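Below is one structure, written out as structure tokens; comments come after it.
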Amino acid sequence: MAKHDTPLLDQLESGPWPSFVSDLKRQAETKPECWDILGQLELSYKDKITHWKHGGIVGVFGYGGGIVGRYSDVPTQFPGVEHFHTVRVNQPASKYYSTENLRAICDLWEKYGSGMTNMHGSTGDLVLLGTRTENLEPFFWDLTHELKQDLGGSGSNLRTPSCCLGQSRCEWACYDTQEVCYHLTMHYQDEIHRPAFPYKFKFKFSGCPNDCVAAIARSDFALIGGWKDDIRIDQAAVKEYVAGNYPSNGGAHSGRDWGAFDIKKEVLDLCPTGCMWMEGDELKIDNAECNRCMHCINVMPRALRPGKEKGATVCVGAKAPILDGAQFATMIIPFVKVDKESEFQEVIDVIENIWDWWMEVGKNRERVGETMQRVGLPTFLSVMGVEPVAQHVTEPRSNPYVFWKEEEVEGGFERNVAEFRKKHAM
Amino acid sequence: MGYDPNNPMEGRITDLGPPHYSKFLPPVIKDNKGKWLYHEIVQPGVLVHVSETGAECYTVRAASARLISIELIREMCDIADAHCDGYLRFTTRNNVEFMVDSKDKVQPLLDDLKGRGNKFPVGGTGACVTNIVHTQGWVHCHTPATDASGPVKAVMDELFEYFGSMKLPAQVRIALACCLNMCGAVHASDIALLGVHRKPPMIDHERISGVCELPLAIAACPLGAIKPAKAEVNGEEVKSLKVNVDRCMFCGNCYTMCPAMPLADPDGDGIAILVGGKVSNAKSAPKFSKMVIPFLPNNTPRFPEVVSAVKNILEVYAKDAHKYERVGEWAERIGWEKFFEKCNIPFTDKCVDDYRLAYTTWRTTTQFKYTSATDAYTK
């Protein structure tokens, strides 16, 4: 029996898309605090403003993150959501679950929380929404002792790393995103749980330049798969595409009649570098001109595959707009090996190089991308021990304001103005 | 034994990390990891991945609201137990995926999902509008300028036919962030819905010095619009702050740092629409979303102005763009002046960048197209 009237929210029960309102009502039958979630949300729909108080620092002993405090600003009306803290549980790589594990998490959240979740949070965590302060430690005890699982990150720390599904179910992944994500998550447990950074720091691992986890847009450290040899071509399969026997783009456009597949129009002419052509019915690629954008491979997945010498490109410094505007990650290292044998040492070296510097020079609440902007790309490259190459920019500078260093200029900066005056009267 | 509040550190376990992913991979996935040859979308919402071993994995993708109950998760588990050997996964766009290892298991799974009302619509593949990445909104957040789950439901109800079909020129990624902090990272989406404030913060003089570090609040403003000030509270002079409202860009960073500077407001808050962003490197480089509609009101519960604006942009794009062209690639090919004309969206000064580095977006060429917007010059 509903505890509050929710005439506005009730209008979000109709329609073909899954309704969170119907779902909340169903859950409220066994978790009555869900009526108060609905009640407070209805009030927000009426008032057109949030009814959650600002902040609230709560957590479990020994951790500086993983739990986000939240309190209602109308607790007498909605006592079930007086405390409504969020728990971030570190998701398994690529968000695969056994039902056994998911059911155990559900049971835990039935015992200690509101029964509502986000599957998943934007950074990747399994998010459990709404519990009281006194439940946090008992919840954490059961999570670690019974489920052998752990919290993710929040605050100025390494945020929970995330990855695309990689080689588990994708033919394009150029490295094992799950393994590196898992390995580094374990390697950096301290950095995830105990904030010691100027601000948040995110890792994201995408297996190819299609970038399904938005690493280049959302992570301070983006590892995006690529290859350095030639795209593999199956000429027999090319012929099947040209003959219309295989659907273009893996069937992604089959809902509309776009006409017969035209390899020139759909592949060759859309190649951003124009590095492909047909010789008779053979597809040719000038791989030295290829920038590995993935379009041709996306369109003809049965005919074209990434090369065999695979690794990843490191891009650094993406963030959302607060404060100086959004930034994409900047390409810093064209190619690294992502090698399990060495326990990903090449990747770890790059990460720790960034951290050592950023923890020293980064200002409070400054993302590494902002620190990079403040000091300039040449300085950042030098910190990283990376020789600048033309690949680091889309074009060279168009202003003449070079910061020459004294040792780069013949004779240095020290000069004698008296000597100068002897030859140059004022 | 369980948690003992008198001995909180007794028996404590920390730093376990997540479970190893290999425990959760369905057998067909585990056996063929790294061996996949190609994939195909056999019908909207159903993919097949084919391994070099000849094994096949069929994936059925269904929507979820992201804000979901443990009851619903248990129902997902029931489905996975009945059809998928007890495994399932979630996508980065909040869909749930059920995987089976042979074609004959697909139809029973689809039938099961279909028999559960509107809980698990199948789709979200290929040239479609897939699930909306979004934030918490009024359900959980303390800084939002709009709700998240409600607008998402309203938009997807209206765009539903595009979720379960593949008739668009390319995939269209929609995202919603309920304030400028952009937990939903909408800055690189084909169509982005962004909660925005339009009123400067109020100053709670009575409480500010008790709950805020004043210098931190001053430093939080990227435009230096916050200054120290004296205020009178109950006849006594107290240290406080003031805001130069002419310089405020309503980012809300001050409120993040100082709870005594609230800026949310029923009339001031609403949704801006940005379009043309992309994350993928395919064809063109990743792009930021660009603002095309600076403000639409929070008309609860179904946000009709927002829904119709999104649908309009989507359908004009669907009609006009070339195959494979993302929204941003289309807008750049035809020119943004044509985008505004074709979508019948009035262009105002609000869409001209006047923040830092704005100059890079000013037109410094005579190459432009005449549209109805330039009639005053040409007619």
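The model shown is predicted, which means the values in this text are computed figures rather than measured ones.
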Which atoms of B:Q136 are under 4.5 Å from chain A, going by heavy atoms: the side chain, the backbone, both sets, or neither? side chain

B:N298 side chain reached by A:Y45 side chain, heavy atoms, under 4.5 Å: no

Interface moiety of B:M76 toward chain A, non-hydrogen atoms closer than 4.5 Å: neither

Counting heavy-atom pairs under 4.5 Å to chain A, which of B:N94, B:L47, B:L159 comes out on top? B:N94

What residue, out of B:S149, B:G277, B:A170, B:P222, has the most heavy-atom pairs lying under 4.5 Å from chain A? B:S149

Check for a donor-acceptor pair, side chain of B:R302 on one end and backbone N or O of A:Q11 on the other, with a separation under 3.5 Å. yes

Using the disulfide (SG to SG under 2.5 Å) criterion, which residues pair with A:C34? Sequence neighbours excluded. none

Begin from the C-alpha positions of A:Y246 and B:Y38 and carry the test side chain to side chain contact (heavy atoms under 4.5 Å, CB included) through to its verdict. CA-CA 12 Å; A:Y246 291 162; B:Y38 67 91; over 6 Å; no

One thing to verify: whether A:D257 and B:K167 come together as a salt bridge, which I'm taking to mean a side-chain N less than 4.0 angstrom from a carboxylate O. no

For B:R89 and A:S94, which I'm curious about, is there any donor-acceptor pair between the side chains at under 3.5 Å? no

For A:L41 and B:D147 the tightest heavy-atom approach is CD1-OD1, 4.2 Å

Heavy-atom proximity to chain A below 4.5 Å, by part of B:T14: both

Under 4.5 Å from any heavy atom of chain A - which part of B:K30: neither

Under 4.5 Å from any heavy atom of chain A - which part of B:L223: neither

Which region of B:H49, side chain (C-beta onward) or backbone (N, CA, C, O), has a non-hydrogen atom less than 4.5 Å from a non-hydrogen atom of chain A, or is it both or neither? side chain

Which atoms of A:T123 are under 4.5 Å from chain B, going by heavy atoms: the side chain, the backbone, both sets, or neither? neither

Which portion of A:I49 sits near chain B, non-hydrogen atoms under 4.5 angstrom: both

Go through the side-chain N and O atoms of B:N281 and A:R292 and say whether any donor and acceptor fall under 3.5 Å apart. no

For chain A, which of B:C251, B:A65, B:P286 has the most heavy-atom pairs under 4.5 Å? B:P286

Show your working on side chain to side chain contact (heavy atoms under 4.5 Å, CB included) between B:H142 and A:R70 and close with a plain yes or no. CA-CA 8 Å; B:H142 65 300; A:R70 189 68 71 231; 3.2 Å; yes

Taking the six-membered ring where the residue is Trp, are the ring centres of B:Y3 and A:H145 under 6.0 Å apart? no

Does the side chain of A:Q178 come under 3.5 Å of the side chain of B:K33 through a donor N or O and an acceptor N or O? yes

Working note: A:S248 + B:K323, criterion side chain to side chain donor-acceptor pair (under 3.5 Å); need CA distance, chi angles, decisive distance, verdict. CA-CA 11 Å; A:S248 63; B:K323 190 179 178 186; 3.2 Å; yes

Measuring heavy-atom distances to chain A, does B:Y355 have an atom under 4.5 Å in its side chain, in its backbone, in both, or in neither? side chain

Portion of B:F288 that has a non-hydrogen atom of chain A nearer than 4.5 angstrom: both

For the residue pair A:T185 and B:P18, what are the closest heavy atoms and their distance? CG2-CD, 3.5 Å

Any carboxylate oxygen within less than 4.0 angstrom of a Lys/Arg side-chain nitrogen, looking at B:E40 and A:R302? yes

Side chains of A:P16 and B:D157: closer than 4.5 Å at any heavy-atom pair? yes

Please say whether more than 12 non-hydrogen atoms of neighbouring residues, nucleotides or ligands are located less than 6.0 Å from CD in A:E100. no

For A:T99 and B:D81, test the side chains for any donor-to-acceptor distance below 3.5 angstrom and give the result as yes or no. yes

Any idea how A:F328 and B:H187 line up, ring-wise: parallel (<30°), tilted (30 to 60°), or perpendicular (>60°)? tilted

Measure A:M186 against the heavy atoms of chain B and call it side chain, backbone, both or neither at under 4.5 Å. side chain

Region of B:P297 that comes under 4.5 Å of a non-hydrogen atom in chain A: neither

Looking at B:C178, B:S284, B:A264, B:P5, which has the largest count of heavy-atom pairs under 4.5 Å with chain A? B:A264

What verdict does the side chain to side chain donor-acceptor pair (under 3.5 Å) test give for A:R169 and B:N32, after you've listed the backbone C-alpha separation in whole Å, the side-chain angles of each residue and the deciding distance to 0.1 Å? CA-CA 8 Å; A:R169 207 193 63 199; B:N32 293 284; over 6 Å; no

B:R12 with A:E137: basic N within carboxylate O range, under 4.0 Å: yes

Look at the rings of B:F163 and A:W17 and say which category their plane angle falls in: under 30° parallel, 30 to 60° tilted, over 60° perpendicular. perpendicular

Heavy-atom distance under 4.5 Å between the side chains of B:L67 and A:D23, does that happen here? no

Contact class of B:S22 relative to chain A, heavy atoms under 4.5 angstrom: neither

Between B:H134 and chain A, with a heavy-atom cut-off of 4.5 Å, which part of the residue counts as in contact: side chain, backbone, both or neither? backbone

Student check: side-chain heavy atoms of B:Y324 and A:L270 closer than 4.5 Å: yes

Top contributor to chain A contacts, counting heavy-atom pairs under 4.5 Å, from B:T59, B:V211, B:D85: B:T59

I'd like to know whether B:S69 forms a side chain to side chain contact (heavy atoms under 4.5 Å, CB included) with A:T117, so could you lay out the CA-CA distance, the side-chain angles of the two residues, the decisive distance to 0.1 Å, and finally the verdict. CA-CA 6 Å; B:S69 69; A:T117 76; over 6 Å; no

Please tell me if the side chains of A:Q27 and B:I70 come closer than 4.5 Å, counting only heavy atoms from C-beta onward. yes

Between A:R305 and B:L37, is any pair of side-chain heavy atoms under 4.5 Å apart? yes

Using ring centroids (six-membered ring only for Trp), state whether B:H39 and A:W172 fall under 6.0 Å. yes

For B:N131, is it the side chain, the backbone, both, or neither that has a heavy atom closer than 4.5 Å to a heavy atom of chain A? both

Are any side-chain N or O atoms of A:S254 and backbone N or O atoms of B:Q43, one a donor and one an acceptor, separated by less than 3.5 Å? no

Name the region of B:A145, side chain, backbone, both or neither, that has any atom closer than 4.5 Å to a heavy atom of chain A. neither

Can you measure from CG (A:L323) to CG (B:L180) and round to the nearest 0.5 angstrom? 10.0 Å

Do B:D78 and A:R103 sit within salt-bridge range, that is, some charged N less than 4.0 Å from a carboxylate O? yes

Can you tell which of B:E325, B:M99, B:E158, B:K278 has the highest number of heavy-atom pairs within less than 4.5 Å of chain A? B:M99

Check A:K95 with B:E97, please: is the shortest side-chain N to carboxylate O separation under 4.0 Å? no

Under 3.5 Å, side chain of A:W52 to main-chain N/O of B:T143, donor-acceptor pair present? no

Can you list every salt bridge (charged side-chain N to carboxylate O under 4.0 Å, His left out) pair that touches residues 66-75 of chain B, not counting sequence neighbours? A:R26-B:E75, A:D107-B:R74, A:E110-B:R74, B:E71-B:R74, B:E75-B:R116, B:E75-B:K119

What's the verdict on side chain to side chain donor-acceptor pair (under 3.5 Å) for B:Y21 and A:E179, showing C-alpha distance, side-chain angles and the deciding distance? CA-CA 8 Å; B:Y21 56 86; A:E179 185 57 30; 2.3 Å; yes

Kindly give the heavy-atom pair with the smallest separation between A:G15 and B:N118, and that separation in Å. O-ND2, 3.0 Å

